[in-house]
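Only heavy atoms go into these numbers, but all of them, side chains included; no hydrogens, no water, no symmetry mates. Quantities reported herein were computed from a predicted structural model and do not represent experimental measurements.
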Amino acid sequence: ENHSMTKKSKILIGINTLTEVNQTVYMNHMILSYRLGRCYPKFDFAICAPRRMAIDNMRNFCAKAAIEGKFEYLWFIDDDVLLSSDALTHLLNLKADIAAGITLIRGYPYNPMLFSFAKDRKNGAALIEYEQLIESDGSIRDGLDAVGFSCCLIRTALLRKVKAPWFLTGPGFTEDVFFCGRAKEFKLDLTIAATNKVQTEH
């Protein structure tokens, strides 16, 4: 049998763990890991969870590992979010360079981590009216300039196009919004999408 015909695609899961995780989240991620192995036979999975790193450093570390390890996707999952076992299916179905679930910011007024840079909006303003943009299949494809990476699937091919550093946190911006903006400089036809079928819980 030709091994190249049976070679699986690979997904690297990047989890930003400092030192420990909540017990409920741990159980959820254990169940998720079991379901990934059982329900996605076409993929091999690996986990990258460097210890005690700033979030931008952690994401850069994982991006480099995804490229060097020849993974097809890098899937960021925050260490404080709960996910349904079918989350990966919905993210893959978006067929986007950057595919995200919908996560609400932890502080009041709990805005979604979906952002627009339109001229008639405050720079980087959260799309609080995002429900109006949801299409019949549950996806959001128009009006998104950036998304949060609490649950985000990125094509490694995109990471190869973008010059490092991929992620940077500054005084007025977060590393995920920075990456989305930087990616547009290197890929003019960049696709960013989200789905309301993946709603993560902090």
Inset, instruction - Count the heavy atoms belonging to other residues, nucleotides or ligands that lie under 6.0 Å from CZ of Phe43, then report whether that count exceeds 12. - result: yes

Inset, instruction - Look only at the side chain of Trp166 and the backbone of Phe179, and say whether a donor-acceptor pair between them is shorter than 3.5 Å. - result: no

Inset, instruction - For the pair Asn111 (side chain) and Ile128 (backbone), establish whether a donor and an acceptor sit closer than 3.5 Å, ignoring hydrogens and angles. - result: no

Legend entry - Hphob cluster co-occupancy, Val147 + Leu127, side-chain heavy atoms under 4.5 angstrom: yes

Inset, instruction - Using atom types as modelled and distance alone, determine if a side-chain donor or acceptor of Thr103 lies under 3.5 Å from a backbone N or O of Met113. - result: no

Inset, instruction - Evaluate whether atom OH of Tyr26 has more than 12 neighbouring non-hydrogen atoms of other residues, nucleotides or ligands under 6.0 angstrom away. - result: no

Inset, instruction - Compare all side-chain heavy atoms of Ile98 with those of Cys152 and state whether any distance is below 4.5 angstrom. - result: yes

Legend entry - Polar side-chain atom of Arg182 near backbone of Pro165 as donor-acceptor pair, under 3.5 Å: yes

Inset, instruction - Would you please name every residue forming a side chain to side chain donor-acceptor pair (under 3.5 Å) with Glu185, sequence neighbours left out? - result: none

Legend entry - Audit row: Tyr40, Thr89, side-chain hydrogen bond (donor to acceptor under 3.5 Å, both in side chains) steps and yes/no: CA-CA 9 Å; Tyr40 297 88; Thr89 294; 2.6 Å; yes

Inset, instruction - Heavy atoms only: give me the nearest Ala49-Thr17 pair and the separation to one decimal. - result: CB-OG1, 4.4 Å

Inset, instruction - Hey, could you give me the CG/CG distance between Leu32 and Leu36, rounded to the nearest 0.5 Å? - result: 4.5 Å

Legend entry - Side-chain heavy atoms of Leu158 within contact of Leu190, under 4.5 Å: yes

Legend entry - Arg59 NZ/CZ over Phe76 ring centroid, <6.0 Å and within 45° of normal: yes

Legend entry - Interatomic distance, Asp142 atom CG to Ser116 atom OG [nearest 0.5 angstrom]: 11.0 Å

Legend entry - Rounded distance (nearest 0.5 Å) linking atom CZ of Arg52 with atom CG of Leu18: 7.0 Å

Legend entry - Shared hydrophobic cluster for Trp75 and Ile47 (ILVMFWY, side-chain gaps under 4.5 Å): yes

Inset, instruction - Would you mind reporting whether Ser150 and Asp176 have side-chain heavy atoms less than 4.5 Å apart? - result: no

Inset, instruction - Let me see the working for Asp145 and Cys180 under side chain to side chain contact (heavy atoms under 4.5 Å, CB included), right down to the final yes or no. - result: CA-CA 7 Å; Asp145 289 307; Cys180 290; over 6 Å; no

Inset, instruction - Report yes or no: does Asp56 contribute a side-chain atom to a donor-acceptor pair with the main-chain N or O of Thr169 at less than 3.5 Å? - result: yes

Legend entry - Sub-4.5 Å side-chain heavy-atom contact between Asn16 and Met53: no

Legend entry - Intermediate values then yes/no, side chain to side chain contact (heavy atoms under 4.5 Å, CB included), Asn196 and Ile140: CA-CA 8 Å; Asn196 72 343; Ile140 303 173; 5.9 Å; no

Inset, instruction - Locate the shortest heavy-atom distance separating Ser9 from Glu72; write the atom from each residue and the value. - result: OG-OE1, 2.7 Å

Legend entry - Hydrophobic cluster membership, Phe178 vs Phe117, 4.5 Å side-chain cutoff: no

Legend entry - Within one Ile-Leu-Val-Met-Phe-Trp-Tyr cluster: Val25 and Ile15, side-chain cutoff 4.5 Å: no

Legend entry - Any donor-acceptor pair under 3.5 Å from His29 side chain to Leu83 backbone: no

Legend entry - Smallest separation among heavy atoms of Leu159 and Leu74, with atom names: CD1-CD2, 4.0 Å

Legend entry - Asp79 side chain vs Val21 backbone, donor-acceptor pair below 3.5 Å: no

Legend entry - Salt bridge Asp137-Lys197, side-chain N to carboxylate O under 4.0 Å: no

Inset, instruction - With salt bridge (Lys or Arg N to Asp or Glu O under 4.0 Å) as the test, would you mind laying out the steps for Arg35 and Asp86 before giving the verdict? - result: CA-CA 8 Å; Arg35 291 295 180 188; Asp86 60 355; over 6 Å; no

Legend entry - Note, Ile102 side chain near Thr200 side chain (heavy atom, < 4.5 Å): no

Legend entry - Student check: side-chain heavy atoms of Ile13 and Cys48 closer than 4.5 Å: no

Legend entry - Single-linkage hydrophobic cluster Ile154~Leu12, side-chain heavy atoms < 4.5 angstrom: yes

Legend entry - Flag side-chain contact, heavy atom, 4.5 Å: Met58 against Phe167: no

Inset, instruction - Could you tell me whether a side-chain N or O of Thr191 sits under 3.5 Å from a main-chain N or O of Ala96, the two making a donor and an acceptor? - result: no

Inset, instruction - Classify the angle between the aromatic ring planes of Tyr108 and Tyr110 as parallel (below 30°), tilted (30 to 60°) or perpendicular (above 60°). - result: perpendicular

Inset, instruction - Look at the side chain of Ser139 and the backbone N and O of Thr195, then say whether any donor-acceptor pair between them is shorter than 3.5 Å. - result: no

Inset, instruction - Identify the two heavy atoms, one from Phe186 and one from Lys161, that lie closest to each other, and give their separation to 0.1 Å. - result: CD2-O, 3.3 Å

Inset, instruction - Determine whether more than 12 heavy atoms belonging to other residues, nucleotides or ligands lie under 6.0 Å from atom NZ of Lys64. - result: no

Inset, instruction - Take Leu144 and Phe115 through the side chain to side chain contact (heavy atoms under 4.5 Å, CB included) test and state the conclusion after the steps. - result: CA-CA 6 Å; Leu144 284 180; Phe115 304 96; over 6 Å; no

Legend entry - Test item: Arg141 side-chain N/O and Leu94 main-chain N/O as donor-acceptor pair under 3.5 Å: yes

Legend entry - side chain to side chain contact (heavy atoms under 4.5 Å, CB included) evaluation trace for Val198 with Ser84: CA-CA 7 Å; Val198 180; Ser84 61; 5.6 Å; no

Inset, instruction - Taking the side chain as every heavy atom from C-beta outward, state whether Asp97 and Lys187 have any atom pair closer than 4.5 Å. - result: yes

Inset, instruction - Please say whether the positively charged group of Lys10, taken as NZ for Lys or CZ for Arg, lies over the ring of Phe71, i.e. under 6.0 angstrom from the six-membered ring centre and within 45 degrees of the axis. - result: yes

